[in-house]
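Written out below as structure tokens is the structure these notes cover.
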Amino acid sequence: MPHDHHHDHDNHLDPMEARTRALETILTRKGLVDPAAVDAIIETYAEKVGPRNGAQVVARAWDDPAFADWLARDATAAIASMGFSGRQGEHMQAVFNTESLHNLVVCTLCSCYPWPVLGLPPVWYKSPAYRARAVLEPRAVLREFGLHLPEEVAVRVWDSTAEMRYLVIPQRPAGTEGWSRDALADLVSREAMIGTALARVPS
Amino acid sequence: MNLSDVPQPDSPFAEPWQARVFALTVAMNEAGHFAWTDWAAVFGRHLQGTRDGAGDYWRAWAAALEEMLTQAGIADDAGVAALAERWQAAAHATPHGQPINLENADR
């Protein structure tokens, strides 16, 4: 008998799973991390924090000129006042789209991203293709997302760093006068706050 | 390649280990064992040459964390590999459907 504990449905760990468990075991044994804290971090970013937060910031900026001014001057404080603060949101800048300027955010180094307002980045944001091409040929990238900007609209690309994270404030769609903030927030996608889309136009 | 055609899973993590290696890194940073700027520099280097923002991205993340821990004298490759083998042995010794405990590696 080759193995004392053979089972018909033998468990086999993916090599990365085994390697990660080994790292966690080492860090836990040394008292460097608390497994409960690790669980809490996963729960936060897998389930709790996401682009709904950013959409509420955008909707308020559309609806409240004083807040929009504050957001333009000190985005970190304005966003924190809505309860969205913490990791990777310590230094925020809001960049406002206008009739003549469209903003696009990338992280060419890795995947720096404003977690408190957008959660963790989508796969395409982390892809080598996006990270390289967003700076070199932003209009071509935007066209691939279905966004065809008029030539007279300038595109400004913001390269995120570990020190500075950007939130795009899209333009408020026409025909939304008097809408509630919740209804406005529903028009704001994650892509609109990265700059690969515009706010949805109400049908 | 059309960037917007990349599948968009609801969860940022496709596999449990990706979530754990992410959270271990955040926990180490929060406990003050390394600065996020230092992390970003090492991680950025590991991302060079990756092909996608999914599995490749997380393998680069894990390799960067191991490098940070090695630099700090907290872990080393041989130690991690040996412990990973014990986790594999524990998995083989654990009946399907039950939680895998490292103690099972010795059974």
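Each chain gets a letter, A, B and so on, in the order the sequences are listed, and its residues count up from 1. These numbers come from a predicted model, not from an experiment.
Side chains of Arg131(A) and Leu47(B) form a contact here, defined as non-hydrogen atoms less than 4.5 Å apart. Side-chain contact between Leu83(B) and Arg29(A) is present, with heavy atoms from C-beta onward closer than 4.5 Å. With a 4.5 Å cut-off on side-chain heavy atoms, Arg21(A) and Leu102(B) do not count as touching. Side-chain atoms of Tyr57(B) and Ser127(A), non-hydrogen and from C-beta on, never get closer than 4.5 Å to each other. Residues Leu13(A) and Trp17(B) have side chains not in contact (no heavy-atom distance under 4.5 Å, counting atoms from C-beta outward). In this structure the side chain of Glu17(A) reaches within 4.5 angstrom of the side chain of Pro16(B), judged on heavy atoms.
Considering all non-hydrogen atoms of both residues, Ala18(A) and Trp87(B) come closest at O-CD1, 4.2 Å. Considering every non-hydrogen atom in both Ala162(A) and Ala40(B), the closest pair reads CB-CB, 4.0 Å. In plain terms, the two heavy atoms of Ala22(A) and Ala84(B) that are nearest each other are CB-N, 3.5 Å.
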Take Asp39(A) and Arg20(B), measure what side chain to side chain contact (heavy atoms under 4.5 Å, CB included) needs, and give me the verdict at the end.
CA-CA 8 Å; Asp39(A) 289 341; Arg20(B) 297 230 59 92; 3.0 Å; yes
Any chance you could lay out the side chain to side chain contact (heavy atoms under 4.5 Å, CB included) test for Leu27(A) and Leu69(B), step after step, and finish with the verdict?
CA-CA 9 Å; Leu27(A) 297 178; Leu69(B) 300 180; 4.0 Å; yes
Take Val123(A) and Asp52(B), measure what side chain to side chain contact (heavy atoms under 4.5 Å, CB included) needs, and give me the verdict at the end.
CA-CA 8 Å; Val123(A) 168; Asp52(B) 64 55; 5.9 Å; no
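Annotation: maximal heavy-atom pairing with chain B below 4.5 Å, among Thr196(A), Leu23(A), Thr44(A), Asp34(A), occurs at Leu23(A). When each of Pro15(A), Ser111(A), Gly50(A) is scored by its heavy-atom pairs under 4.5 Å with chain B, the top score falls to Ser111(A). For the set Arg87(A), Glu163(A), Lys30(A), the entry with the most heavy-atom pairs within less than 4.5 Å of chain B is Arg87(A). Taking chain A as the reference chain and counting heavy-atom pairs below 4.5 Å, the highest number among Ala31(B), Ala90(B), Ala81(B) is found for Ala81(B). Each of Val80(B), Val21(B), Thr37(B) has some count of heavy-atom pairs under 4.5 Å with chain A, and the biggest count is that of Val80(B). Contact tally against chain A (heavy-atom pairs below 4.5 Å) for Gly53(B), Ala62(B), Ala54(B): the top residue is Gly53(B).
With rounding to the nearest 0.5 angstrom, the CD atom of Gln48(B) is 11.0 Å from the SG atom of Cys110(A). Between atom CD of residue Gln18(B) and atom CD1 of residue Ile42(A) there is a gap of 11.0 Å, rounded to the nearest 0.5 Å. To the nearest 0.5 Å, atom CD1 of residue Ile26(A) and atom CG of residue Asp76(B) are 7.5 Å apart.
Salt bridge annotation for Lys126(A)-Asp56(B): absent, with no cationic side-chain nitrogen under 4.0 angstrom from a carboxylate oxygen.
Taking the six-membered ring where the residue is Trp, Tyr45(A) and Phe22(B) present perpendicular rings, their angle passing 60° and hence far from 30°.
The closest side-chain donor-acceptor pair between Trp36(B) and Gln88(A) falls under 3.5 angstrom.
No part of Glu47(A) comes within reach of chain B, as not one of its non-hydrogen atoms sits under 4.5 angstrom from that chain. Both the backbone and the side chain of Asp77(B) come within less than 4.5 Å of a heavy atom in chain A. Both the backbone and the side chain of Arg19(A) come within less than 4.5 Å of a heavy atom of chain B. With a threshold of 4.5 angstrom between heavy atoms, Arg86(B) does not approach chain A through any atom at all.
Atom CZ of Arg52(A) has more than 12 neighbouring heavy atoms from other residues, nucleotides or ligands inside a 6.0 Å radius. By the 6.0 Å contact criterion, CZ on Arg200(A) is enclosed, its count of non-hydrogen atoms from other residues, nucleotides or ligands being greater than 12. Sparse packing is recorded around CD of Glu85(B), with 12 or fewer heavy atoms of other residues, nucleotides or ligands lying under 6.0 Å away.
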